[in-house]
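To start, the structure under review is shown below, and the notes come after it.
Below, chain A is the first sequence line, B the second, and so on; all start at residue 1.
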Protein chains: 2
Amino acid sequence: MGANLLDKTDVKILSLLQRDASVALTEIAEQVNLTTTPCWKRINRMQQMGVIRRQVALLDAAHLKLDLIAMVQLKTQQHSRQWFNDFLLQIKDLEEVMECYRMAGEYDYMLKVVVQDMRSFDAFYKKLVSRVTGLTEVTSSFAMEQLKYTTELPLSAYS
Amino acid sequence: MGANLLDKTDVKILSLLQRDASVALTEIAEQVNLTTTPCWKRINRMQQMGVIRRQVALLDAAHLKLDLIAMVQLKTQQHSRQWFNDFLLQIKDLEEVMECYRMAGEYDYMLKVVVQDMRSFDAFYKKLVSRVTGLTEVTSSFAMEQLKYTTELPLSAYS
DNA sequence: GATGAAACATCAAGATC
DNA sequence: GATCTTGATGTTTCATC
């Protein structure tokens, strides 16, 4: 096994862990036809490498009354390094922003924003435009229903 | 503590777990000024309630060469229950689709798609339009950079 | 909320291919 | 020479009290 490569057993382990990280090592080992030690060493190695970033609990948004998901698209005329760094800091600090992408195409940035309701969204919107200067356009689209949400990366290319 | 309600200690536990689910119960208990037993009972209860949905490992896309994120917006003239059910099944089956929303506004659906490169995206695109009939418009925007990605829901409203 | 038994992860030493 | 097995040790979970 080369320095930074993943073999099929590694990918199988990743696939199991990104589906359910609460299963016991014993069972993962069993599923990949290994005993616990080598399986544990592989997981450890992949954590060191950074392939496995972290282990988290996924919560249910509805139970927490976080019922509104918005996609916010931004345009700006500011493209300096300074502006970008400030923007990045603000975005990271705004906990309502769960995802943010710099886009190719018409809009410069796209944000996925999660809040309780329209009232909270309005508060978020005001906070955003007051903290981030130089925005020339802010367009929000609202999700009526979440049809799919997964944190599992597509790994079938590796199997 | 009411039947389905969460107190501040519960929210604190949730906040810790959605940040890092690998920490020992002992430490979580310590952080919320509880001993292990009551803390464990709270976590257990929140799992039963469904507030805690699951525990997963988050993988690093770059290590797996999944370097292309696309936002795909769809329009359709099909709005029957039958069509929607078929659409939903296809979307759930397409592992490249990590998120999917039914939207208010100009486009009917928005998909977040993760693939290795433009070549794989093209393969995905062909698969999508061949499997899902009745699409009148398919517009893809590509992310040049992921500035933020978190699975942590915003809980500050509760603290 | 304390206790302790059972389950589990971790690690060392050595076997196997 | 990397990858595995066994078994011993320390840690964590979780049911009973």
Side-chain angles (χ1 to χ4, degrees), chain A residues 1-60 63-64 151-153 155-159, chain B residues 1-60 62-65 151-153 155 158-159:
Chain A
M1 182 164 47
N4 269 337
L5 291 167
L6 302 172
D7 65 14
K8 293 201 171 173
T9 304
D10 289 324
V11 175
K12 187 81 204 295
I13 293 170
L14 290 176
S15 169
L16 292 167
L17 285 179
Q18 73 167 347
R19 193 156 302 155
D20 184 358
S22 70
V23 301
L25 184 61
T26 327
E27 203 184 311
I28 293 166
E30 206 169 282
Q31 299 232 28
V32 296
N33 296 313
L34 242 47
T35 51
T36 56
T37 309
C39 187
W40 178 80
K41 280 185 178 164
R42 280 165 184 266
I43 292 171
N44 227 21
R45 173 173 157 271
M46 293 193 285
Q47 277 166 346
Q48 302 309 315
M49 281 170 65
V51 184
I52 299 173
R53 292 200 301 130
R54 54 211 300 230
Q55 206 178 109
V56 299
L58 299 182
L59 308 183
D60 183 67
H63 272 99
L64 296 155
T151 56
E152 289 176 43
L153 293 174
L155 297 183
S156 74
Y158 291 95
S159 58
Chain B
M1 183 164 47
N4 269 338
L5 291 167
L6 303 172
D7 65 14
K8 292 200 172 175
T9 304
D10 289 324
V11 175
K12 187 79 205 295
I13 293 171
L14 289 177
S15 170
L16 292 168
L17 286 178
Q18 73 168 346
R19 192 156 303 153
D20 184 358
S22 70
V23 301
L25 183 61
T26 328
E27 202 185 310
I28 294 166
E30 205 169 282
Q31 299 232 26
V32 296
N33 296 313
L34 241 48
T35 51
T36 55
T37 310
C39 187
W40 178 79
K41 279 182 181 168
R42 280 166 184 267
I43 293 171
N44 224 23
R45 171 173 159 271
M46 293 193 285
Q47 277 166 346
Q48 300 310 314
M49 281 170 66
V51 184
I52 298 173
R53 292 200 300 125
R54 55 211 300 231
Q55 205 179 110
V56 299
L58 298 183
L59 309 183
D60 182 68
H63 272 99
L64 295 155
K65 303 220 167 69
T151 56
E152 288 176 44
L153 294 174
L155 297 183
Y158 291 94
S159 57

Using 0.5 Å steps for rounding, measure from the [atom1] atom of [X] to the [atom2] atom of [Y].
X	Y	atom1	atom2	answer
Leu14(A)	Thr9(A)	CG	OG1	11.0 Å
Cys39(B)	Glu27(B)	SG	CD	11.0 Å
Gln55(B)	Gln47(B)	CD	CD	7.5 Å
Leu17(B)	Ile28(B)	CG	CD1	4.5 Å

Among dT5(D), dG1(C), dT10(C), the nucleotide that comes nearest once only the side chain of Thr35(A) is considered |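 The nucleotide sitting nearest to the side chain is dT5(D).
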Side chain of Trp40(A) only, please: which of dC4(D), dT10(C), dA15(D) is the nearest?
-> dT10(C)
Between the base of dC11(C) and the side chain of Thr37(A), is there any donor-acceptor pair under 3.5 Å?
-> yes
Residue pair Lys41(A)/Thr36(A) against DNA chain C: nearer the 5' end by closest nucleotide is Thr36(A)
To the nearest angstrom, how far is [X] atom [atom1] from [N] atom [atom2]?
X	N	atom1	atom2	value
Gln55(A)	dA9(C)	CD	C1'	12 Å
Asn33(A)	dT3(D)	CG	C1'	15 Å
Asn44(A)	dA12(C)	CG	P	12 Å
Leu34(A)	dA9(C)	CG	P	14 Å
Leu6(A)	dT3(D)	CG	C1'	16 Å

Any side-chain N or O of Arg42(A) less than 4.0 Å from the OP1 or OP2 oxygen of dT3(D)?
-> no
Numerically ordered, the residues 18-27 of chain A set in heavy-atom contact under 4.0 Å with DNA chain D is none
Is there a side-chain contact between Glu30(A) and Val23(A), using heavy atoms and a 4.5 Å cut-off?
-> no
Check whether any side-chain N or O of Arg54(A) sits under 3.5 Å from a backbone N or O of Arg19(B) as a donor-acceptor pair, and report yes or no.
-> yes
